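Each remark here refers to the structure printed beneath this line.
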2 protein chains.
Amino acid sequence: MKKASIKDIAKHLNVSVPTVSLVMNGRGDEKRISKETQERILKYAQEQNYKPNIFAKGLKKGRSEMLGVIIPNISDVFYARIVSRIEKDAAKHGYTVIFSSSQESGKKESELIRSMFDRQVEGLIIASSQKNADDILALKKINFPFVLVDRHYPDIETDYVIVDNIGGVKSAVNHLVKCGAQRIGFISLKPELDAIKNRFLGYQQGLEDNEMEYISEYVQELKSDTFEEEMSDALDCLLQKHTAVDAIIFSTHYLTTCGIRELRSRNLIIPNDIKIVSFDQFKAFDLLEPPITVVTQPVLDMGDRAVDILLEKLRLKDKVTRQEVLNTGFIVRKSCGEIK
Amino acid sequence: MKKASIKDIAKHLNVSVPTVSLVMNGRGDEKRISKETQERILKYAQEQNYKPNIFAKGLKKGRSEMLGVIIPNISDVFYARIVSRIEKDAAKHGYTVIFSSSQESGKKESELIRSMFDRQVEGLIIASSQKNADDILALKKINFPFVLVDRHYPDIETDYVIVDNIGGVKSAVNHLVKCGAQRIGFISLKPELDAIKNRFLGYQQGLEDNEMEYISEYVQELKSDTFEEEMSDALDCLLQKHTAVDAIIFSTHYLTTCGIRELRSRNLIIPNDIKIVSFDQFKAFDLLEPPITVVTQPVLDMGDRAVDILLEKLRLKDKVTRQEVLNTGFIVRKSCGEIK
DNA sequence: AACATTGGCTAAAACGATTTAGCACGATTT
DNA sequence: AAATCGTGCTAAATCGTTTTAGCCAATGTT
């Protein structure tokens, strides 16, 4: 567990430093180092538990064998699971991952990109705050390998892996209609992220497909940092006496939990008084009374695909961009009642 | 966003490389470089967005400014939150964090320790599988700076930050007794981890403090990879007709969720038929019917303290070991009924 | 006038690897 | 006998920094 340098090895075996280096890098045959010498070197290196100094190697080769991952927030399970998958996949290919959270701040994200760049990561995987088009453009300009996950910039052509938000919400609308919903509300966030915009589009298109009227009062958009205070008013709007909705789609898991708390405090019974669907999975949703019907996102696949694409980019060094839109899943539970 | 080396800067300003280096490291005054030269260098470096090459620096100084974090599983919220805090704290002090998950495997953990060591991290924070005493001893032997969090080796003197598991469970027992529980069961894991052993000890001591008899049939220990299948039998044991328990303490959040599923399927009403307390918080526990009373762990504090201790160790390079046992919290909800 | 001090820098070595170019020797070819 | 080739290695340069030792000119001291 202590440090033997290539010099120590060379000295001890009476060979030159380059000879050791070549053999250790499997270039012994190519450089016609005799089998015998090769074996001596390999054996002794093994004994000494020799590991090349990563800084020396990085300095010479300009390669770090590190990938950077930037996400909004590691304590959100959603991102934690993506990262866990990325780390596992990257390790399989000899890459170490360093990650950092941007806290949804464009400025922090920008700093992180630069800092990772300075640390010579070979590629980046970014779930962007979407407030940082400048850096994304800069990365693209210098042809630095990166892949966006979950969040992308629709106006910038990049590699990305995202989820079919439109389709996901449409499937929720369709299911609610089948269960007899007539007036479907939509509680979402201020449409700062493309993903959120698309969930709204999915809602609209879902209504259209089912020949239902779009009523703007049925849509409530809360701020992501104060939704807990705003939820009550939002529900008031949706539940006004004469035109009360009989179903609600929540566009994120935390809106769902927050909304359920509020509905409970109004003594509304799910699904009798109101049916609900959550876009985005949360672990205990099956434990609630009633269990909550959800649109699920293919979290692990996103991690896998992002790494695949990044590694391919690293290998081919091409300028082709690869885009993937993954399908959502749907788990029917009791929060929408029965299909009629 | 491109690369200017110290050489380029030196050449352009007609000064030597060391001069630039000294100024950039704030040692200009100490080395009596004229104010004027210092300003020229700083200004131009700024313009060129000069960042020292991290490999060259690391090579020369033998310092990486990286910390390694090894945890069982990043997709467990508990560890995700710890890591998020560690990352934030470390960044404040100029350290980058690299982390990896051991998947509770001693072998994987050992590989990770070695790989991080090879990557020249300056210190490690480890939530150990506790199957890897050898490496921990080896690290200790060479006086490598590391801190254990959440999981420690009671037989090895190291720095660590853990939670008062005994006290936490005792507070659960006390509360249940106050609510009128007479026969308290305990559902836990096979005692492979010290933390789990201590939760059991807390249960025993809690009973003792309340002058209740310890009945071994009231304790069920499940395997961590098959607890879902075993839960049903475990509950059967606790709920045998004549001697059925009237309260259960679950020793982890996932045992709690699993247990609740089973209790529901038996149509047992919480807290009327049975009272429950969960050791370890889970986000939706307040949303269940009834909301679940929990023993909370000071997750963020653990992250903070671990980084504090590690940085102090790095600074002082002493051999003193620091141990901290953090207190648990307790949130009373309705799953234990009312205090009588 | 000889010596010491200060100010303002720089030369050169070092960190540990990789890479390029090429040497020395014997064997083979012409 | 000279030229060529193959074998098995090594010397030296290089990557971008930091650090140690010390140079040279100007000024101050005795």
Side-chain angles (χ1 to χ4, degrees), chain A residues 2-42 44-45 48-66 94 117-122, chain B residues 1-42 44-45 48-66 94 96 117-122:
Chain A
K2 48 189 169 173
K3 307 271 155 170
S5 81
I6 199 168
K7 245 186 232 168
D8 304 332
I9 309 242
K11 195 174 294 171
H12 182 263
L13 296 176
N14 269 316
V15 294
S16 73
V17 167
T19 307
V20 178
S21 171
L22 291 168
V23 171
M24 293 309 291
N25 287 290
R27 299 178 57 200
D29 287 344
E30 170 196 340
K31 292 288 179 177
R32 300 172 322 220
I33 310 292
S34 69
K35 284 274 170 260
E36 188 215 341
T37 309
Q38 294 203 34
E39 269 165 32
R40 278 169 61 221
I41 292 176
L42 288 173
Y44 187 67
Q48 296 295 305
N49 189 27
Y50 166 73
K51 292 280 168 58
N53 178 302
I54 215 156
F55 292 119
K57 192 171 182 171
L59 177 58
K60 192 74 233 288
K61 309 241 286 188
R63 287 199 49 199
S64 62
E65 296 180 337
M66 292 206 264
F117 190 81
D118 292 340
R119 287 202 168 261
Q120 322 266 350
V121 296
E122 294 184 28
Chain B
M1 203 102 176
K2 47 189 168 171
K3 307 274 156 170
S5 82
I6 201 169
K7 246 186 230 166
D8 304 331
I9 309 242
K11 195 174 294 170
H12 182 263
L13 297 177
N14 269 315
V15 295
S16 73
V17 166
T19 307
V20 179
S21 171
L22 290 169
V23 171
M24 293 310 291
N25 287 291
R27 299 180 57 200
D29 288 343
E30 169 196 341
K31 291 288 179 178
R32 299 174 319 219
I33 309 293
S34 68
K35 286 274 169 256
E36 189 214 341
T37 309
Q38 294 204 34
E39 270 164 33
R40 279 168 61 222
I41 292 176
L42 288 173
Y44 187 68
Q48 296 295 304
N49 187 27
Y50 167 72
K51 291 282 167 58
N53 178 301
I54 214 156
F55 292 118
K57 193 172 182 171
L59 177 57
K60 191 71 233 281
K61 310 240 289 186
R63 288 199 47 200
S64 62
E65 295 179 337
M66 292 206 265
T96 299
F117 190 81
D118 292 340
R119 289 204 167 259
Q120 322 265 349
V121 296
E122 295 183 26

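Since the structure is predicted, the reported quantities are computational estimates derived from the model, not experimental observations. Chain naming here is simple, since letters A, B, ... match the order of the sequence lines and numbering starts at 1 in each.
- Residues passing the side chain to side chain contact (heavy atoms under 4.5 Å, CB included) test with B/Lys60: none are found, sequence neighbours excluded.
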*nucleotides 14-20 of chain D: protein proximity per nucleotide (B base, S sugar-phosphate only, - neither; heavy atom, under 4.0 Å)*: BBBBBB-

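- Partners of B/Thr96 by side-chain hydrogen bond (donor to acceptor under 3.5 Å, both in side chains), not counting sequence neighbours, listed by chain and number: A/Arg119.
- The stretch residues 32-42 of chain A does not touch DNA chain C, since none of its heavy atoms comes less than 4.0 Å from the strand.
- Considering only residues two or more places apart in sequence or on other chains, A/Thr19 meets the side-chain hydrogen bond (donor to acceptor under 3.5 Å, both in side chains) condition with A/Ser16.
- For residues 31-40 of chain B, every residue pair satisfying the salt bridge (Lys or Arg N to Asp or Glu O under 4.0 Å) rule, not counting sequence neighbours, is listed here: B/Asp29-B/Lys35.
- Qualifying salt bridge (charged side-chain N to carboxylate O under 4.0 Å, His left out) partners for B/Glu65, counting only residues two or more places apart in sequence or in other chains: none.
- Remark: B/Lys61 pairs with B/Lys57, B/Arg63 by the side chain to side chain contact (heavy atoms under 4.5 Å, CB included) rule, at least two apart or across chains.
- Under the rule for a side chain to side chain contact (heavy atoms under 4.5 Å, CB included), the partners of A/Lys7 that lie at least two apart in sequence or sit in another chain are A/Ser5, A/Val17.
- Put simply, the side chain of B/Gln48 does not reach to within 4.5 Å of the side chain of B/Asp8, judged on heavy atoms.
- Not counting sequence neighbours, the partners of B/Ser21 by the side chain to side chain contact (heavy atoms under 4.5 Å, CB included) test are B/Ile6, B/Asn25.
- Going from atom CD1 of A/Ile54 over to atom P of C/dT18 covers 12 Å, rounded to whole Å.
- For A/Lys51, the salt bridge (charged side-chain N to carboxylate O under 4.0 Å, His left out) test picks out B/Asp118, with sequence neighbours left out.
- Fit an axis to the five pairs at each end of the helix from C/dA1-D/dT30 to C/dT30-D/dA1 and the two axes sit 70° apart, to the nearest 10 degrees.
- Across the protein-nucleic acid pair, B/Gln120 atom CD and C/dC15 atom P stand 14 Å apart, rounded to whole Å.
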